[in-house]
Q: 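Please read through the structure below; I'll follow up with questions.
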Amino acid sequence: MRSELYIDGKWTAASDGKTFEVVNPATEEVIHRISAATAKDVDSAVKAARRAFDRDGWPKLTGAQRARYLRAIAAGIRARQAEIARLEVLDNGKPLPEADWDIADAAGCFDFYAGLAEQLDNDPEEAIALADDRFTSKAVREPIGVAGAIIPWNYPLLMASWKVAPALAAGCTVVLKPAEVTSLTALELAAIADEIGLPPGVLNIVPGAGSVAGQAIIDHSQVDKLAFTGSGPVGSKIMAAAARDIKRVSLELGGKSPFVVFDDADIEKAVEWILFGIFWNQGQVCSATSRVLVQDGIYGALLKRLIEEANKIRIGDGLDEGVLLGPLVSKRQYEQVVAAIDAANSAGATVACGGTRPEGFDRGYYLRPTVLTDVPLDSAAWVEEIFGPVVCVRPFKTEEEAVALANDTRFGLAAAVMSRDDTRAERVAKAFRAGIVWINCSQPTFTEAPWGGYKESGIGRELGRWGLNNYLETKQITKYMSEDPWGWYIK
Ligand code: TAP
């Protein structure tokens, strides 16, 4: 396990020598300590990234040259996949097969953006048809500069990859701050970058507190772009900080995503996707389908099956074989989710299953899969992101009612619909006010497809070619082609 900051191609302790604890959420034991970056350390990291961008020539490399580094990082991740997945479980608590999937996806993300970096070399300089034929004009794309990336703890290495891979592919240099509760695998990414000879300063990793290291990144005048995934309140702070010197900004924030199940749907399939949509990663997923709307014809039967299956989910240490639900990531998160369930109960909701610690677990931040019914529409449980294994289930009568309930939220990250009637499913998919819509499934995520939200769920899109655009500027180059003088001032 690494314990130092990675700045300008070197491992270094924090400038004030301070460290923070790494806690295994399955055992509540302190398993490691990591240097906590200060504002001074962030300043060194930004200056290194600045130099790598302005003077050392990272953006001047061809896309194919940058792609070779990205592919080498992907290979480095794959070569140590099992070890990194294990670290992710120790740090985050998720079941090992999920961690294994995340790490494979992270490697895939670097390979994908290597492909897009190569394509940048052949980027057609887009000719612009001008009304005035004395001029020709074209649009070219160039990297924005130094990117400050701040990520959450739910998919530690994967969220790092979603930002670092497109940024490096575009030709930007990066200062990344992982979440304090899950910094281990971001440091492994630094180690891999170091091993494959990524030039110093191109990628800098500065674990530390959001209020210190994160704040120093967003306030730094030499950072050109901020890329953030996390909570709405911090997203707002980042937008406000970006406004001061007009930094580019992309935000991927939370959600309260609906899953609409019509009564022609297969109940077993619906239950399977609902379970996946809310209990995968302990429900700590920005796109979790946490509000399930079921048409009244199958509401009772579906709810019964959902509760039966939720009660069967095997809970335990993510490293144990067969476990499907690990602990929540931290004491703080556990307490917040328990408080949200208690508040729902006080507001009149029924806890149809779960809501408590599983029996036999005295240590670890474990919580049973929880199904809430009769949740008042104006209660926090229906309106706010809980970010835990808690789903609200509610009946509806008509398609119009379902769409209205689904869209009655300030969020708009994801939405799902299930029906055997394709025309209806497509119609509802179009009616959802959300950036990601799933038909007859929930949560599948593809590196090639755009990811991001409407409304308070964020700004901009990650992944796919949209993710690359987050790190590119567009420049207009216009040439005067006429032999005649312009003749405005000098006749
Ligand atoms: P946030 O506070 O939003 O944390 C996300 C990242 O932002 C972390 O790296 C955090 O640092 C950093 N950060 C915090 N304050 C900052 C500041 N002033 N300037 C710059 N960076 C700052 O999320 P959380 O506290 O971990 O979780 C709180 C709630 O947010 C959760 O219960 C959940 O509802 C939501 N959440 C949503 C998502 C997604 S993907 N939508 C992800 C995580 C959490 P630290 O390391 O100090 O925390």
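One-based numbering, in listed order, for ligands and for the atoms of each.
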Q: What residue and atom, counting heavy atoms only, is the protein's closest point to atom 26 (O) of ligand 1, and at what distance?
A: W153 NE1, 2.5 Å

Q: Do Y6 and N204 get their side chains close enough for a donor-acceptor pair, meaning under 3.5 Å?
A: no

Q: Side chain or backbone, does F387 bring an N or O within less than 3.5 Å of an N or O on ligand 1?
A: no

Q: Note the single closest protein heavy atom to atom 30 (O) of ligand 1, along with its residue, its atom name and the distance in Å.
A: S231 CB, 3.0 Å

Q: Looking at ligand 1, does M159 have a heavy atom less than 4.0 Å from it?
A: no

Q: Is the shortest N/O to N/O distance between A209 and ligand 1 below 3.5 Å?
A: no

Q: Which is closest to atom 34 (O) of ligand 1 in terms of heavy atoms, K237, Q284, E385?
A: E385

Q: Less than 6.0 angstrom separating the ring centers of W162 and F110, yes or no?
A: no

Q: Considering both backbone and side-chain atoms of S211, is one of its nitrogen or oxygen atoms within less than 3.5 Å of a nitrogen or oxygen in ligand 1?
A: no

Q: If the threshold is 4.0 Å, N to carboxylate O, is there a salt bridge linking R410 and E456?
A: yes

Q: Would F228 count as a contact of ligand 1 if the rule is a heavy atom under 4.0 Å away?
A: yes

Q: Output the list of atoms in ligand 1 that are nearer than 4.0 Å to some heavy atom of L253, sorted by atom number.
A: 41 (N)

Q: Which residue supplies the protein heavy atom nearest to atom 18 (N) of ligand 1, what is that atom called, and how far is it?
A: Q215 OE1, 2.8 Å

Q: Is the ring pair W280/W101 parallel, tilted or perpendicular, if the boundaries are 30 and 60 degrees?
A: perpendicular

Q: Any N/O of I386 closer than 3.5 Å to an N/O of ligand 1?
A: no

Q: Under 3.5 Å, N or O to N or O, is G210 touching ligand 1 that way?
A: yes

Q: Please write down residue, atom name and distance for the protein heavy atom closest to atom 2 (O) of ligand 1.
A: V234 CG2, 3.4 Å

Q: Does an N or O from T229, backbone or side chain, lie closer than 3.5 Å to an N or O of ligand 1?
A: no

